[in-house]
Amino acid sequence: MFERFQGDARQAVIGAQENARRLNHRFIGPEHILLGLLDRPESLAARVLARHGLDHDRAYRAVAGLVPPPGGGLDAEALETIGIDLSAVRERVEAVFGPGALDRGPARGRRTGGHIPFTPRAKKTLELSLREALRLKHGYISDGHVLLGILREGQGVGARVIAGAGIDAETLRQEIAAELG
Amino acid sequence: MSDTAQLASDAGSRDPAVGLRAVRALRMLVERLEALQVENAREQGWSWQEIAHCLEVSRQAVHKKYAGGRGLLRRER
């Protein structure tokens, strides 16, 4: 199915993994796919969401708030409340000690550097992206279809972040469909 | 503004849940950094006494905490 994903859609799926890693999450959910979409401000999905005031920064904070870090994980959001930018700390530590150095807990063996699995909701989201593309009679899956997939899945943190930004799902769906043509 | 953005901008929050969570997060970050730096120091041949001096703790404390670890830290019990 992945071969039908075009440029920005493909990048969003790849970017989802990077966002999950940055958040110290050990899974990829629809919310990470949403962040992957927003990572590319020129993409259709990001442009439509920006119109409603939702950009990567805002969504990232919302995801960090809704999904607590795993047990023993570093709490980026809490550190931010006292002015510590965990990503900046991580960047400097990793520059000296290598990728994932800061995320190696005292109990070694669990690493975040490797492959991060997709949750069933994320898989469902990607399947629904395909279904949205078929429904619109498009022979490809673009980032717009992926955003439609997130909305259609509806139950995940991705859809909750969109709703939390005060965006009406149906309005958004129509705007995306109009942009897709 | 989203709840999270609000939380983040509320550095001076009086909500104990917010403040305590930040303390916990900071402690965890310190633990990670300490473990990394102690490991690095041991790899570079520093003695437990030297490490303890820099951390302003007793040699016994740092030894007890890290000497039972893995790899290079384990060599010298």
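Just so we're on the same page: letters track the sequence lines, and every chain starts at 1.
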inquiry  = With clusters defined by side-chain heavy atoms of hydrophobic residues (ILVMFWY) lying less than 4.5 Å apart, directly or transitively, does A/I14 cluster with A/L126?
reply    = no
request  = Treat each ILVMFWY residue as a node, draw an edge where side-chain heavy atoms are under 4.5 Å apart, and state whether A/F5 and A/Y140 are in one component.
outcome  = no
query = Are A/L136 and A/L37 in one and the same hydrophobic cluster, where Ile, Leu, Val, Met, Phe, Trp and Tyr link if side-chain heavy atoms are under 4.5 Å apart?
reply = yes
ask   = Under 4.5 Å between side-chain heavy atoms, hopping through other hydrophobics if needed: is there a path connecting A/L128 to A/V157?
value = no
message = Let me confirm one number: the CG-CG distance from A/L79 to B/L29, rounded to the nearest 0.5 Å.
response = 5.5 Å
query = Any idea which of A/A165, A/A78, A/G166 has the most non-hydrogen atom pairs under 4.5 angstrom with chain B?
reply = A/A78
ask   = Taking C-beta and beyond as the side chain, do B/V23 and A/I82 meet within less than 4.5 Å on heavy atoms?
value = no
task = Rounded to the nearest 0.5 Å, what's the gap from CG on B/L26 to CG on A/D75? Could you check?
result = 11.0 Å
ask   = For A/V96, is it the side chain, the backbone, both, or neither that has a heavy atom closer than 4.5 Å to a heavy atom of chain B?
value = neither
Minimum heavy-atom distance B/A22-A/T81, with the two atoms named = CB-OG1, 3.6 Å
key: B/E50 atom CD: more than 12 heavy-atom contacts under 6.0 Å   = yes
task = Name the region of B/E34, side chain, backbone, both or neither, that has any atom closer than 4.5 Å to a heavy atom of chain A.
result = neither
Distance in Å, A/L74 CG paired with B/R32 CZ, rounded so as to fall on 0.5 Å steps = 4.5 Å
